[in-house]
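Throughout, a chain's letter reflects where its sequence line sits, starting with A, and its residues are numbered from 1.
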There are 2 protein chains.
Amino acid sequence: MAHDHVMPTDLTRNQELVLGTLNHAPAPLSAYDILDLLRSEGLRAPLQVYRALDKLVERGLAHRLESLNAFVACADEHCHRKGLIAFAICEGCGKVDEFADAVIEERLGKWAGATGFKVERTTMEIRGKCAECLKAA
Amino acid sequence: MAHDHVMPTDLTRNQELVLGTLNHAPAPLSAYDILDLLRSEGLRAPLQVYRALDKLVERGLAHRLESLNAFVACADEHCHRKGLIAFAICEGCGKVDEFADAVIEERLGKWAGATGFKVERTTMEIRGKCAECLKAA
DNA sequence: ATCAATACGTTATAGCATAACACTGCTGCA
DNA sequence: TGCAGCAGTGTTATGCTATAACGTATTGAT
Ligand SMILES: [Zn+2]
Ligand SMILES: [Zn+2]
Ligand SMILES: [Zn+2]
Ligand SMILES: [Zn+2]
């Protein structure tokens, strides 16, 4: 099922435009990509996009991919409840798969406990090829 | 033991300068930070630093931290033999702890096997506070 | 001597992100 | 009613990160 995203009703216009753009994109978009796609809607400056993205990421409706300097819509309605999220990014088609793994998270917790490090945020990004792209090659 | 880094003998001058700078830094440096530290050695352009960094990262002598757009010297002489490396980055003092975890790697391999994804590279970066900074606070 | 591979140096440009300031519209309360 | 506070907006300017494109220099093998 494609585009089965839930769009909250309490978003501002800019936030809604940005989230809508991410929802319909087949691959991550940079803030400037988003801006270009929304010029026809009246957006003119990077800050308008970045401010919307900040809020969306804060609410867990979108995620930032550090290794791409780009953003994706969250693929899971209840993602924000979870802790660590891992992203598998296909270098072929750009598709991003989002998943949580309790074992990895627990393992991380163990390491933190042993070293006295207080974890605040974890980014885990896997680059490679998705099954579909491998088959096509 | 501080600064117990091994400096290979087959580096070019620029590579040696850049690695030396990273080795002596207490925290990750951006390419432009490095450039500023090396102007007195005659470096003038970002590309001189980026090209050296490319080689150093390729050889596993330095690592790029995606979530910081910055670089660190590798902390482990034989790090390049391992697979997945995780970085714990202290937001307080900037110190970076580098470690490998076989369980996490195996878990990732299981996920890849199940979904048909071919992993080529993984970045895992943990942000938080180190034990020392927590104690000081 | 010739050639290929690698590194180097330089200028210009592209791509990503935030600072600072002024203004709007709303909400909650004196 | 009036006002303070807050979140969102619009705009301009700026700063930070990274690469394109060009030519030269050095090395090492044939
Ligand atoms: Zn999510
Ligand atoms: Zn793919
Ligand atoms: Zn290392
Ligand atoms: Zn610290």
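Using a 4.0 Å heavy-atom criterion, one finds that B:Ala45 contacts the bases of the nucleic acid, with or without backbone contacts as well. Residue-level contact check: B:Arg44 touches the backbone only, with heavy atoms under 4.0 Å from sugar-phosphate atoms and none from bases.
We find that B:Asp10 and B:Arg59 are joined by a salt bridge, their nearest charged nitrogen and carboxylate oxygen being less than 4.0 Å apart. The residues A:Arg121 and B:Glu125 are annotated as not salt-bridged, no charged nitrogen and carboxylate oxygen being separated by less than 4.0 angstrom. A salt bridge links B:Glu66 to B:Arg64: one of the charged nitrogens lies within less than 4.0 Å of a carboxylate oxygen. Using a 4.0 Å cut-off between charged nitrogen and carboxylate oxygen, B:Glu91 and B:Arg127 count as a salt-bridge pair.
For A:Leu68 and C:dA17, the CG to P distance is 11 Å, given to the nearest whole Å. The distance from atom OH of A:Tyr50 to atom P of C:dC16 is 7 Å, rounded to the nearest whole Å. Atom P of nucleotide C:dG15 and atom OH of B:Tyr32 are separated by 14 Å, given to the nearest angstrom. Atoms CG (B:Leu38) and P (C:dG9) sit 12 Å apart, rounded to a whole Å. A:Arg51 places its CZ atom 14 Å from the P atom of C:dC21, with the value rounded to the nearest Å. Rounded to whole Å, the distance from CG on A:Leu29 to P on C:dG15 is 15 Å. A:Asp10 places its CG atom 15 Å from the C1' atom of C:dC26, with the value rounded to the nearest Å. Computed from coordinates, the A:Asn14 CG to C:dT24 C1' distance equals 13 Å when rounded to whole Å.
At least one side-chain heavy atom of B:Phe117 sits less than 4.5 Å from a side-chain heavy atom of A:Ile126.
Regarding contacts with the backbone of C:dC16, a side-chain N or O of A:Ser30 is found under 4.0 angstrom from either OP1 or OP2.
Ranked by how close their nearest DNA chain D nucleotide is to the 5' end, A:Gly42 and B:Asn69 are led by A:Gly42. Heavy-atom distances to DNA chain C give each of A:Leu47 and B:Lys55 a nearest nucleotide, and the one nearer the 5′ end belongs to B:Lys55.
Protein chain B contacts DNA chain D from D:dT17 to D:dA21, reading 5' to 3' and using non-hydrogen atoms of the protein with a distance under 4.0 Å.
Through side-chain heavy atoms spaced under 4.5 Å, either directly or across other Ile, Leu, Val, Met, Phe, Trp or Tyr residues, B:Ile34 is tied to B:Met7, B:Leu11, B:Leu17, B:Val18, B:Leu19, B:Leu22, B:Leu29, B:Leu35, B:Leu37, B:Leu38, B:Leu43, B:Val49, B:Leu53, B:Leu56, B:Val57, B:Leu61, B:Phe71.
Other residues, nucleotides and ligands place no more than 12 heavy atoms under 6.0 Å from the CD atom of A:Glu132.
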